[in-house]
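Positions are given from 1, in the same order as the sequence printed here.
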Amino acid sequence: MATVILDLDAALDAQAHMLEEIVADATRVPARDLGPALRLWSRPPSLDALDLRTREATKGLGPILVYAGSGDFHHVAALLIRRAVDQAPERPMTVLHVDNHPDWVKFSPGMHCGSWAARVARFNGVRQIISIGMCSPDMYDSARKGADLSVVREGLLVPFPLRTQAKEECIVAGRRIPTIETLGDALFLDQLDQLIGTDDLYVTIDKDVLSPLDAATNWDQGELRLSRLIRWLNHLIDGRRLRGADIVGDASDMVYGPGPWATTLKWIESCLDQPRQGDLDTEAMWINATANRALHQCLAPHLGSRIS
């Protein structure tokens, strides 16, 4: 097992003394120079530069658990999933995506923190993405938001919202999607067990899926409690091979780039899509560190040794 910090922002700096046992042995990938260009959305040169640095820093490590800072960087998960695929291309894997948003919008060239899941759903070596926990309006406002619903129609991405407009289900791409609250945890987990068609699993988590009682993020947040998520993960990972995991959703100051034009576009987009950010005080950092520690204790023991 190896822990990796993609150092794209200062999100973990204020948590360092609370996460001493985690960060002390972590492999750090210095990338704050790329952070502004990667935040919110990225063009191919910035993504390629981060991919190269990450692969060089983690060469020989096998499966890794990655902390990547703010949820504004969730699209870097695509690079990490590709790395996991490349380590054992003969073993198809399912991606378990835990998020308050489905991250399925269309965006090109490059990737957006809201577009990467639709892209990864079509990766060779990824059988399917299962997205769970969403409460955001994206689930019932998908057309206006520019979602690539072809991945849902083709069964490559299967969403399970926690709840949606207090309804028992929503309809996405002609499919009737029940909410987790309607199913109940036992039936929901039973359906996931049947749906996950591989022995291999990759887990990607945006902590904006969590209630504000359990996380402080840069995005609108859901209602899932941390203890409930841990129970789900323990159940779903047990008996399966965890090929890697990443965690984002640690609030950080939003610095955009590269250059004035991208900075302006990203700032406008953040004003339209993201809630006004409060002060990143000690209590917020403590809440995030508590969640990071609990998720580390849940995920890290399941990561295998080097894949041969």
Side-chain angles (χ1 to χ4, degrees), residues 74-75 77-78 80-82 84-85 91-106 111 113-143 145-165 167-206 208-209 222-224 228-229 231-233 235-246:
H74 202 174
H75 47 301
L80 303 171
I81 292 166
R82 175 66 75 189
V85 167
R91 297 180 62 94
M93 66 184 186
T94 298
V95 175
L96 182 66
H97 168 216
V98 187
D99 203 316
N100 193 40
H101 310 88
D103 293 349
W104 55 17
V105 303
K106 300 171 185 175
M111 274 188 289
C113 64
S115 78
W116 68 271
R119 185 80 60 86
V120 167
R122 297 190 181 280
F123 277 6
N124 290 331
V126 171
R127 180 182 180 274
Q128 192 176 55
I129 290 187
I130 302 175
S131 299
I132 67 172
M134 297 81 71
C135 290
S136 76
D138 297 352
M139 287 301 301
Y140 50 84
D141 201 14
S142 54
K145 290 280 190 177
D148 178 5
L149 297 183
S150 65
V151 292
V152 179
R153 280 192 293 270
E154 295 171 37
L156 300 175
L157 188 154
V158 182
F160 280 90
L162 184 67
R163 66 174 80 242
T164 172
Q165 288 188 317
K167 295 180 181 178
E168 293 183 353
E169 62 183 18
C170 59
I171 298 178
V172 179
R175 293 183 175 230
R176 304 178 77 89
I177 309 293
T179 67
I180 297 170
E181 295 293 43
T182 299
L183 293 170
D185 281 15
L187 182 56
F188 161 63
L189 292 173
D190 182 61
Q191 288 198 11
L192 256 62
D193 279 332
Q194 296 179 48
L195 192 61
I196 296 173
T198 62
D199 293 326
D200 291 25
L201 195 66
Y202 184 100
V203 176
T204 177
I205 299 171
D206 189 335
D208 68 12
V209 76
E223 302 174 21
L224 185 62
R228 191 178 183 191
L229 173 58
R231 288 197 300 272
W232 291 354
L233 292 172
H235 174 91
L236 294 168
I237 295 170
D238 185 44
R240 296 187 169 98
R241 189 182 198 191
L242 186 59
R243 294 268 294 277
D246 64 78

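- Atom CG of D193 has more than 12 heavy atoms from other residues, nucleotides or ligands within 6.0 Å.
- Here the closest non-hydrogen pair linking F160 and I180 is O-CD1, 3.4 Å.
- Taken to the nearest 0.5 Å, the CG atom of L187 stands 10.5 Å off from the CG atom of L192.
- Using a 4.5 Å heavy-atom threshold, the side chains of Q191 and L195 count as separate.
- Note that CG of L162 and SG of C135 are 4.5 Å apart. Values are rounded to the nearest 0.5 Å.
- The side-chain hydrogen bond (donor to acceptor under 3.5 Å, both in side chains) search around S115 returns none, not counting sequence neighbours.
- Within the structure, the salt bridge (Lys or Arg N to Asp or Glu O under 4.0 Å) test picks out no pair touching residues 126-136 (sequence neighbours left out).
- For the residue pair K106 and A147, the shortest heavy atom distance occurs at CE-O, 3.7 Å.
- Smallest separation of non-hydrogen atoms from A118 and V151: O-CG1, 3.7 Å.
- Remark: I171 CD1 to R176 CZ distance equals 4.5 Å, nearest 0.5 Å.
- One finds the OG1 atom of T94 at 5.5 Å from the CD1 atom of I130 (value rounded to the nearest 0.5 Å).
- Under the ring pair (Phe, Tyr, Trp, His ring centres under 6.0 Å) criterion, F123 pairs with no residue at all, not counting sequence neighbours.
- At least one side-chain heavy atom of P102 sits less than 4.5 Å from a side-chain heavy atom of S136.
- Using a distance-only test at 3.5 Å, with no hydrogens or angles considered, no donor-acceptor pair links the side chain of R243 to the main chain of D200.
- In this view, H101 and W219 satisfy the ring pair (Phe, Tyr, Trp, His ring centres under 6.0 Å) rule, not counting sequence neighbours.
- Side chains of Y202 and L80 form a contact here, defined as non-hydrogen atoms less than 4.5 Å apart.
- Contact detail for T204 and A77: the closest heavy-atom pair is OG1-CB, 3.8 Å.
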Check your understanding: When you look at H235 and D185, which way does the side-chain contact (heavy atoms from CB on, under 4.5 Å) test go after all the steps?
Key -> CA-CA 11 Å; H235 174 91; D185 281 15; over 6 Å; no

Review point. Please walk me through it: do D103 and S131 pass side-chain contact (heavy atoms from CB on, under 4.5 Å)?
Key: CA-CA 9 Å; D103 293 349; S131 299; over 6 Å; no

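- Distance check: W104 CH2 to I129 CD1 gives 11.5 Å after rounding to the nearest 0.5 Å.
- With sequence neighbours excluded, the residues forming a side-chain hydrogen bond (donor to acceptor under 3.5 Å, both in side chains) with D148 are S150, listed by chain and number.
- Going from atom OG1 of T198 over to atom CZ of R91 covers 9.0 Å, rounded to the nearest 0.5 Å.
- Between H74 and W116, the ring planes lie tilted relative to each other; the angle falls in the 30° to 60° range.
- At least one donor-acceptor pair closer than 3.5 Å links the side chain of D208 to the backbone N or O of N100.
- Judged as a side-chain contact (heavy atoms from CB on, under 4.5 Å), and not counting sequence neighbours, the contacts of T182 are E168, T179.
- Residues I81 and M93 form a side-chain contact, since some pair of their non-hydrogen atoms from C-beta on lies under 4.5 Å apart.
- Looking at heavy atoms from C-beta onward, L96 lies in side-chain contact with L233 at the 4.5 angstrom threshold.
- Contact annotation: the side chain of V172 approaches that of L149 to within less than 4.5 Å [non-hydrogen atoms, C-beta and beyond].
- Nearest heavy atom pair, residue R153 against residue A173, reads CG-CB, 3.4 Å.
- Within the 4.5 Å cutoff, the side chain of I132 has heavy atoms near those of the F188 side chain.
- A distance-only check finds a donor-acceptor pair linking the side chain of R175 to the backbone of V152 [under 3.5 Å].
- Nearest heavy-atom pair, V120 versus V95, reported as atom, atom and distance to 0.1 Å: CG1-CG2, 4.4 Å.
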